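Numbering of residues begins at 1 and proceeds along the displayed sequence. Every value quoted in this text rests on a predicted model; they were computed, and no experiment measured them. Note: hydrogens, waters and symmetry copies are ignored here, and every other heavy atom, side chains too, is used.
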Amino acid sequence: MTSYDSLHRQCRTLEALFDTKLTTYARLASSIARNHDDLEAGGSSERWKDLEIEVDELLEKLQEINDQLSALSSDTENPPSQSMLRAIQRHREVYLDYARELRRTKGNVKTALDQANLLSGVRNDIDAYKSSAADSLLAERGHIDSSHRMTDDILAQAYETRAEFGRQRTTISGINARMQGVLSSMPGISNLLSMIKTRRRRDAVIVGCVIGICTVLLLMYMF
C-alpha cells in the first residue's frame, strides 16, 4: 500500500520531531523552575510561547496522520495486513502518550512560570519598598537639615541682637558719662537749677494764697 507507506513514514518523522521539541519544552520548564529568572529580561517567556506553538502544531499534524491511518485500517476493499494494523495501533498509542505528556509538561511550565512571575513580583515590591523607604529617609533628612539651618539663622539673629544691645548700652553709658562730666565741670548750673525750682515753688504758694483770699472776700461780699 503506497498510501500506507507514505503515511507511516510521515508519522515516524513527526514522532521523532515531536519527541525532540517536547524534550526541549520540558527542559525549559525545568530551567524556569530551577532558576526563577526574570522571564521578560531572560527571554524565557518568548521561548516558551514559541515552543508551545510548535509542539501544538506537531501534535495536530500527528493526529491528522493517525486519523488517516485509522481510516486505512477500516478499509474493507483493501484491508491492511496484521503487521500494518499493529503499526497503526502502535502509532495511535504513541500519539496518545505524546498528548498526555504534552498536557503534563504544559502544566509544569505554567506552574514554573507562575512561580517565577510571583517571585519577580515580590522582588519588584521589595525594590519599590526599599526605594520608597530611601526616598522617605532622604526627605526626612532634608527636613532635619532645613530645621538645623533655621535654628542656626535664629541663633545668629539672637547673637546679633545681643551685640547690638551691648553697643547701644555702651553708647548710652558714654553719653551719660559725658553729661556727668559737663555738669561736674560747671557747678553753677546745678545751683541755678535749684534756685529756679525754689522760686517756682514760692510763686506757686503765693498764687495759691492770693486765690484763697480772693475767694474768701468774694464769699463775704455775697453773703
Side-chain angles (χ1 to χ4, degrees), residues 1-140:
M1 286 186 172
T2 304
S3 178
Y4 167 78
D5 292 338
S6 176
L7 292 174
H8 178 64
R9 286 192 299 270
Q10 292 181 41
C11 195
R12 290 178 64 85
T13 301
L14 287 174
E15 287 173 353
L17 184 58
F18 182 87
D19 185 70
T20 301
K21 292 294 183 180
L22 185 61
T23 301
T24 305
Y25 187 67
R27 287 176 180 172
L28 176 61
S30 177
S31 174
I32 295 173
R34 183 172 59 255
N35 297 329
H36 300 296
D37 57 350
D38 189 343
L39 300 179
E40 296 298 331
S44 298
S45 179
E46 293 300 326
R47 293 198 303 273
W48 160 66
K49 292 177 183 177
D50 293 340
L51 279 173
E52 188 173 70
I53 292 173
E54 290 183 18
V55 293
D56 284 339
E57 291 177 348
L58 287 173
L59 190 65
E60 289 179 2
K61 292 179 181 179
L62 194 58
Q63 181 182 10
E64 293 175 0
I65 299 298
N66 274 273
D67 290 342
Q68 294 178 27
L69 287 172
S70 296
L72 288 178
S73 66
S74 303
D75 189 357
T76 57
E77 296 182 357
N78 297 307
S81 63
Q82 290 298 319
S83 62
M84 292 180 181
L85 289 175
R86 285 194 296 271
I88 292 173
Q89 181 62 29
R90 179 55 184 165
H91 285 312
R92 172 62 62 177
E93 291 174 355
V94 171
Y95 163 74
L96 293 176
D97 288 341
Y98 281 159
R100 285 192 295 269
E101 184 65 20
L102 179 59
R103 287 195 297 271
R104 186 183 67 81
T105 306
K106 279 185 175 182
N108 293 338
V109 170
K110 185 178 184 303
T111 300
L113 289 172
D114 290 343
Q115 291 177 351
N117 284 326
L118 178 61
L119 290 176
S120 177
V122 171
R123 285 197 300 268
N124 291 336
D125 292 340
I126 292 174
D127 293 340
Y129 173 77
K130 289 181 178 178
S131 177
S132 177
D135 292 341
S136 299
L137 289 176
L138 289 175
E140 186 65 23

(request) Take Tyr25 and Glu52, measure what side chain to side chain donor-acceptor pair (under 3.5 Å) needs, and give me the verdict at the end. (result) CA-CA 7 Å; Tyr25 187 67; Glu52 188 173 70; 3.0 Å; yes
Pair up each side-chain donor or acceptor in residues 55-65 with any protein partner under 3.5 Å, not counting sequence neighbours, and list the distances.
residue : atom : partner : partner atom : Å
Asp56   : OD1  : Lys106  : NZ           : 2.9
Asp56   : OD2  : Lys106  : NZ           : 3.3
Gln63   : OE1  : Tyr95   : OH           : 3.4

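- Shown here are the side chain to side chain contact (heavy atoms under 4.5 Å, CB included) partners of Glu54, two or more places apart in sequence or in another chain: Lys21, Leu51.
- Note: Glu93 CD to Asn66 CG = 10.5 Å, rounded to the nearest 0.5 Å.
- Using a 4.5 Å cut-off on side-chain heavy atoms (C-beta onward), Glu15 and Asp19 make no contact.
- Of the charged side-chain nitrogens involved, at least one lies within less than 4.0 Å of a carboxylate oxygen, so that Glu101 and Arg104 count as a salt-bridged pair.
- Between His8 and His91 the shortest side-chain heavy-atom distance falls below 4.5 Å.
- Using a 4.5 Å heavy-atom cutoff, the side chains of Arg92 and Ser70 are in contact.
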(message) side chain to side chain contact (heavy atoms under 4.5 Å, CB included) for Gln10 and Thr13? Distances and angles first, verdict last.
(response) CA-CA 5 Å; Gln10 292 181 41; Thr13 301; 5.7 Å; no
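- Remark: Tyr4 OH to Ser81 OG distance equals 7.0 Å, nearest 0.5 Å.
- Within the model, atoms CD of Gln89 and OG of Ser73 stand 9.0 Å from one another, a figure rounded to the nearest 0.5 Å.
- The CZ atom of Arg90 sits 15.5 Å away from atom OG of Ser83, with the distance rounded to the nearest 0.5 Å.
- In this structure the side chain of Phe18 reaches within 4.5 angstrom of the side chain of Leu22, judged on heavy atoms.
- Among all heavy-atom pairs drawn from Leu69 and Ile88, the shortest one is O-CD1, 3.4 Å.
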